[in-house]
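For clarity, every value in this text was computed on a predicted model and none was experimentally measured.
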Amino acid sequence: MTPSNSDAIFSALADPTRRAILSLVGEHEELTAGEIAAHFDSLGRTAVSSHLRILRLAGLVAERRDGRFRHYSVTPTPADAVVAFLTSVYQNSLEQLASAVKDASAAGDDAPSDRAVERSA
């Protein structure tokens, strides 16, 4: 995932409406722009088309033209890159947490436990 591509992906996913559109398209094999717009009372077709363009430019959805209709489907590859990135971030955090707990546990073997301190008080 290149920096400019990752910026486009995260920027596209930052908007709750685009996340809702992406989720909706993901629930179906393919939807037209009109079918997507029909699911959103507060958005017009132009706004939905703008959101779809951003999702398409980020590579999160694919567009297939059939006459005057545009059909949209989810493209998994960019999402896989985002998941891999987030997993690496949190995996490192989890490894650091496990190491800190292990170090604290090893250092605390000589110290009385909290329960022992509470009982003596």
Side-chain angles (χ1 to χ4, degrees):
M1 184 164 61
T2 64
S4 62
N5 189 20
S6 66
D7 289 347
I9 293 168
F10 282 109
S11 178
L13 293 174
D15 186 275
T17 301
R18 286 193 285 272
R19 289 193 307 269
I21 290 171
L22 187 62
S23 178
L24 176 66
V25 174
E27 292 171 4
H28 299 83
E29 185 173 324
E30 191 174 70
L31 289 173
T32 65
E35 291 170 331
I36 294 166
H39 283 85
F40 297 92
D41 295 331
S42 61
L43 291 177
R45 287 180 181 232
T46 304
V48 169
S49 292
S50 294
H51 286 299
L52 286 167
R53 183 182 60 77
I54 292 168
L55 290 168
R56 184 178 47 80
L57 291 174
L60 294 167
V61 296
E63 177 186 82
R64 180 180 65 83
R65 294 183 182 201
D66 182 21
R68 63 183 196 139
F69 295 100
R70 294 178 186 201
H71 301 267
Y72 293 90
S73 58
V74 171
T75 307
T77 304
D80 291 343
V82 170
V83 169
F85 169 75
L86 292 174
T87 300
S88 72
V89 168
Y90 286 103
Q91 185 62 38
N92 290 338
S93 296
L94 291 173
E95 289 171 1
Q96 291 173 356
L97 177 62
S99 177
V101 168
K102 183 178 176 183
D103 292 347
S105 176
D109 286 343
D110 297 335
S113 70
D114 289 340
R115 290 185 182 178
V117 170
E118 289 175 10
R119 286 186 205 138
S120 65

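- In this structure, Arg45 places its CZ atom where only 12 or fewer heavy-atom neighbours from other residues, nucleotides or ligands lie under 6.0 Å away.
- Val25 and Leu13 end up in the same hydrophobic cluster when Ile, Leu, Val, Met, Phe, Trp and Tyr side chains are linked at under 4.5 Å.
- Residues Thr75 and Gly59 share a closest heavy-atom pair of CB-O, 3.2 Å.
- Considering NE2 of His28 and OG of Ser73, their distance stands at 13.0 Å, rounded to 0.5 Å.
- Contact between Ile9 and Ala58 at its shortest, heavy atoms only, is CG1-O, 3.5 Å.
- Atoms OG and CD1, from Ser49 and Ile54 in turn, are 11.5 Å apart once rounded to the nearest 0.5 Å.
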**Prompt:** Taking it one step at a time, do Leu31 and Tyr72 satisfy side chain to side chain contact (heavy atoms under 4.5 Å, CB included)?
**Reply:** CA-CA 5 Å; Leu31 289 173; Tyr72 293 90; 5.6 Å; no

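- Under the 6.0 Å cut-off for aromatic ring centres, Phe10 and Phe85 qualify, their centroids lying closer than that.
- By the 6.0 Å contact criterion, CD on Glu95 is enclosed, its count of non-hydrogen atoms from other residues, nucleotides or ligands being greater than 12.
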**Message:** Show, in sequence, the C-alpha distance, side-chain angles and deciding distance for Thr17 and Leu43, and conclude whether the side chain to side chain contact (heavy atoms under 4.5 Å, CB included) test is met.
**Reply:** CA-CA 9 Å; Thr17 301; Leu43 291 177; 3.3 Å; yes

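- Atom-to-atom distance recorded for Thr32:OG1 and Arg64:CZ is 10.5 Å, nearest 0.5 angstrom.
- In this structure, Gln91 and Ser88 have side chains that are not in contact, with every pair of non-hydrogen atoms separated by 4.5 Å or more.
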**Asked** Between Leu55 and Arg53, does a side chain to side chain contact (heavy atoms under 4.5 Å, CB included) hold up when you go through it step by step?
**Response** CA-CA 5 Å; Leu55 290 168; Arg53 183 182 60 77; over 6 Å; no

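- Summarising the geometry of Glu35 relative to Glu30, their closest heavy-atom pair is OE1-O, 4.4 Å, with the distance given to 0.1 Å.
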**Message:** Before you tell me yes or no, could you show the steps for Glu27 and Ser23 under side chain to side chain contact (heavy atoms under 4.5 Å, CB included), namely the whole-Å CA-CA distance, both residues' side-chain angles and the distance that decides it to 0.1 Å?
**Reply:** CA-CA 6 Å; Glu27 292 171 4; Ser23 178; 3.8 Å; yes

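- One N or O on the side chain of Arg18 and one on the backbone of Ala12 form a donor-acceptor pair closer than 3.5 Å.
- Cluster annotation: Leu24 is connected to Leu22 through the hydrophobic network of ILVMFWY side chains, with a link wherever side-chain heavy atoms come within less than 4.5 Å.
- Between Leu52 and Ile36, some side-chain heavy-atom pair lies under the 4.5 Å cut-off.
- Between the OH atom of Tyr90 and the CD atom of Gln96 there is a distance of 13.0 Å, given to the nearest 0.5 Å.
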